[in-house]
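Data first, discussion second: the structure below is written as structure tokens.
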Amino acid sequence: MEHELGFALRNAWLILAIPFFSFLVVGLFIRPRAPKLAGIVATLAVFASAGFAYALAVEYLSLGGHDGWKTIVPWSFEWLRFQEHLAVHIGVIVDPISVLLMVVVTTVSSLVHLYSLGYMHGEAGFGRYFTWLNLFTFSMLALVTAPNILQMYVAWELVGASSFCLIGYYFEKPSAVEASKKAFIVTRFADLGFLLGVLILGYFGYQIASEAGGSAQAFDFLFLTNPEVMGKFSALGAGLFGIPLLTLALLLVYMGGAGKSAMFPLHIWLPDAMEGPTPVSALIHAATMVVAGVYLVARLFPLFATSGDALLVVAYIGAFTSVFAAVIACTQDDIKRVLAYSTLSQLGYMMFALGVASFEHPLGYTASMFHLFTHAFFKALLFLGAGSVIHAVHSNEIWKMGGLKAKMPVTHATFAIATLAIAGIWPFAGFFSKDEILAAALGSGHTGIFTLGLMVAGLTAFYMSRIYFVTFWGKAKTEHASHAHESPWIMLIPLVILAVLSIGAGFVPFGEFVRFGAAHGEAHGINPMIAAAGTLAGVLGIGFAWLLYRDGLAERSGVIARALGGGYRLIRNKFYFDELYLFVTHKIIFRLVAAPIAWFDRHVVDGGVNLSGWSARVFGSAVSYLQTGQVQTYGSWFVGGAVLLLFSLWMLRA
Amino acid sequence: MIEQLATLAPGPFHWLSLTVLLFAIGIYGILTRRNAVGILMAVELALNSGAMNFVVFNKYVAPSAVDGQIMAIFVIAIAAAEVVVGMAIFVTLFGHRRTVDVTRMDQITDAAGTN
């Protein structure tokens with residue numbers, strides 16, 4: 001690390017500074033005066049940070065990595081100092097996964113900014129939109145470059161806040177307000193777990209760091225994932241309920257990650273978050289912010305692997321979420337909701353890929369990051385394509401679209417590419433990453449999860465083809481759909497770039513760059529059996545969808561719905577999870593917990609406060625009669641007091 | 001007869017009782033009179049009791065010196081000056097308010113006397 005670093009690495013702080021200052025300048029100075037210009041400046045700033053991120057990535061990769069990639073912290077400063085070994089730094093960590101995320105975030109963000117210039121054209125609050133988008137980009141970069149868990153936590157809340165502002169962008173719409181509150185409250189609730197986990201790690205980390213001495217900092221990732229430190233952590237023994245302390249801390253941290261990544265049962269906010277503008281869904285709720293949870297687990301992967309049990313929880317919750325969401329996605333009619341459930345499902349994929357990884361079988365780690373990488377591109381493309389369609393048809397309902405194949409050729413082609421990519425068809429990006437995940441699941445001996453993964457691959461291909469066929473094939477089903485026309489070029493350019501990335505991203509020799517431990521053989525090449533199984537699942541899914549939906553009419557698909565009966569209704573209503581949550585919060589928490597507390601507050605706490613105020617007032621008005629304003633009265637008191645004093649002195653004389 | 005008179009001659013106790021009485025009457029007047037001139041008169045009583053104290057102590061503690069008597073004359077002179085100033089104030093006050101009743105002099109907030 002001592003040898004000469006290049007410009008980008010020496011000035012790594014720029015990766016945070018560019019979007020941050022752009023946010024301030026755009027938000028405070030340009031937006032109120034020239035909203036149009038605000039959009040352009042914000043977009044240019046994000047393009048600049050994308051360029052910088054590429055430069056940084058190239059420099060980092062040129063440092064070489066045959067004996068494993070080094071983790072370096074080229075820039076950091078002390079921000080808060082609690083204790084000698086408990087200081088919080090703000091800095092930039094550079095290692096393969098942070099470089100990966102920097103590239104993904106800035107690429108998708110800049111394309112989404114560009115797309116938004118067209119999509120949000122003429123909206124009120126154009127400047128406000130770009131301000132928040134810039135803030136989000138900054139926060140996300142601060143999150144992925146965090147060298148310690150507390151910076152990550154701060155950035156974590158910042159992305160939550162900017163997500164809140166963007167979901168509630170159409171704040172005059174009650175449903176958008178509801179959705180933004182829901183997203184914020186659910187993720188905030190999950191972050192409570194994250195904070196507790198951080199505190200546990202910090203508390204014991206501080207003790208370990210103090211023993212170690214030197215410059216050890218309890219919050220630093222490099223410290224936490226140090227093998228010796230991890231050994232001490234796992235030797236801590238049982239905490240609450242007999243769960244080992246390390247596992248407990250990691251499960252709490254994972255709770256935060258599960259909230260952000262919308263893992264079951266904290267998934268309910270993500271589908272509703274689609275109330276935000278579509279490019280926001282593409283950037284925040286598909287490509288970047290929601291993978292923060294996956295990134296967090298990957299960041300702490302050595303600790304998770306040490307604990308083992310925590311990683312199993314990650315794996316099973318991830319696998320369950322991926323199936324659960326894929327099943328729901330098959331029944332939804334809102335194009336963005338289908339994509340949202342698809343995102344849930346794919347996030348589950350990434351999570352269980354991490355979950356099946358271990359020190360012995362680290363392929364899942366690579367596979368998860370690989371899928372994060374490819375998914376960011378094709379899912380952003382799907383959302384932006386959906387946005388282009390919504391822009392043309394003025395509806396989210398797939399049954400109000402249809403026949404857009406000829407009218408929107410570029411959108412159609414790119415959407416088709418993305419659909420094939422997510423369905424896992426060779427040579428599109430999704431094929432490679434999904435194959436690797438399945439190989440990781442099988443290779444580590446999790447046959448059950450492998451089977452579920454295969455099933456999800458088929459379901460994914462099915463529901464994605466379903467919305468593809470219904471949207472683009474058949475006949476136009478509404479007035480708007482028949483008069484639809486292609487979106488402006490400024491929206492098509494990002495689509496085309498992302499389509500190219502969705503094709504090309506799979507060919508990146510990913511295992512070379514992102515891996516855990518030394519180079520491992522399994523990452524190279526493709527297991528023909530697994531690839532065949534995955535492709536078969538995808539083709540079956542697409543074929544089945546083609547049978548049902550190729551003319552885009554509801555009658556044919558209704559057959560299945562009728563056959564399933566109540567089961568179909570259950571799935572279509574998302575297993576009544578929203579209702580369950582409403583029941584729990586309203587009937588149980590509000591009525592049984594909040595209401596008594598409110599009563600106590602209103603009567604006992606407020607009563608106490610009122611009593612003290614009232615007694616002071618009564619005492620004051622009683623005493624105020626002494627204040628007559630008459631010098632003679634005061635004089636009488638004075639003389640009386642003086643006489644009393646003299647008398648008592650006389651009585652007490654020795 | 002002369003001797004009887006001599007035994008009746010007042011001692012320090014008598015004189016001091018007189019001054020205490022005088023002072024108490026003065027204080028009582030200051031605290032209870034409503035007429036400012038009455039208060040001024042009461043103040044004179046209190047002052048004169050003080051002046052008399054000086055003379056009494058001069059006579060019984062240091063008969064050869066005259067310091068106490070000089071102080072008494074000072075007190076009388078200052079009391080005269082004080083009466084002049086006090087009366088001048090009262091005359092002006094009376095011009096403004098048509099009264100020198102001190103219980104009605106409880107407004108220092110505004111000169112116009114609106115309340």
Side-chain angles (χ1 to χ4, degrees), chain A residues 24 27-29 31-33 128 171 594-654, chain B residues 12-13 16-50 53 57 79 82-83 85-90 92-94 96-97 99-115:
Chain A
L24 287 183
L28 292 175
F29 303 114
R31 180 187 61 79
R33 294 175 184 81
R128 171 165 60 95
F171 57 75
I597 292 174
W599 185 89
F600 183 83
D601 182 61
R602 209 156 292 148
H603 292 94
V604 179
V605 177
D606 287 7
V609 172
N610 287 344
L611 179 72
S612 73
W614 176 83
S615 58
R617 209 171 53 238
V618 167
F619 181 72
S621 63
V623 170
S624 76
Y625 289 113
L626 297 176
Q627 293 273 356
T628 56
Q630 294 293 330
V631 180
Q632 287 179 322
T633 317
Y634 303 153
S636 305
W637 284 105
F638 163 68
V639 170
V643 168
L644 203 68
L645 192 68
L646 283 174
F647 182 73
S648 52
L649 283 176
W650 179 68
M651 292 294 285
L652 289 172
R653 76 199 188 282
Chain B
F13 177 77
L16 290 180
S17 299
L18 177 65
T19 59
V20 166
L21 209 61
L22 211 55
F23 186 76
I25 293 168
I27 292 292
Y28 178 77
I30 291 168
L31 295 180
T32 55
R33 292 267 95 190
R34 299 179 70 180
N35 192 313
V37 179
I39 292 176
L40 206 58
M41 290 162 75
V43 169
E44 290 307 313
L45 286 182
L47 277 171
N48 281 332
S49 95
N53 254 5
F57 279 105
E82 171 239 310
V83 169
V85 175
M87 287 309 289
I89 292 173
F90 296 153
T92 319
L93 201 60
F94 189 78
H96 275 285
R97 309 286 293 260
T99 177
V100 285
D101 183 346
V102 291
T103 59
R104 294 176 60 187
M105 305 300 164
D106 55 357
Q107 267 124 36
I108 57 170
T109 46
D110 58 322
T114 45
N115 50 354

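First the proteins, then the strands, lettered A, B, ... as listed; each starts at 1. Just so it is clear, the values below take in all heavy atoms, side chains as well, and ignore hydrogens, waters and symmetry mates.
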Got a list of side-chain donor-acceptor pairs under 3.5 Å for residues 18-32 of chain B, not counting sequence neighbours?
residue, atom, partner, partner atom, Å
Thr19(B), OG1, Leu16(B), O, 2.8
Thr19(B), OG1, Asn53(B), OD1, 2.9
Thr32(B), OG1, Tyr28(B), O, 2.6

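- Of residues 633-640 of chain A, those residues lying under 4.5 Å from chain B by any heavy-atom pair are Gly635(A), Ser636(A), Val639(A).
- Within residues 33-40 of chain B, the residues approaching chain A closer than 4.5 Å by heavy atoms are, in numerical order, Arg33(B), Ile39(B).
- Scored by the side-chain hydrogen bond (donor to acceptor under 3.5 Å, both in side chains) test, Trp650(A) finds no partners at all (sequence neighbours excluded).
- Residue Gln632(A) comes nearest to Thr103(B) through the heavy atom pair OE1-CG2, 4.4 Å, listed as atom of the first residue, atom of the second, then distance.
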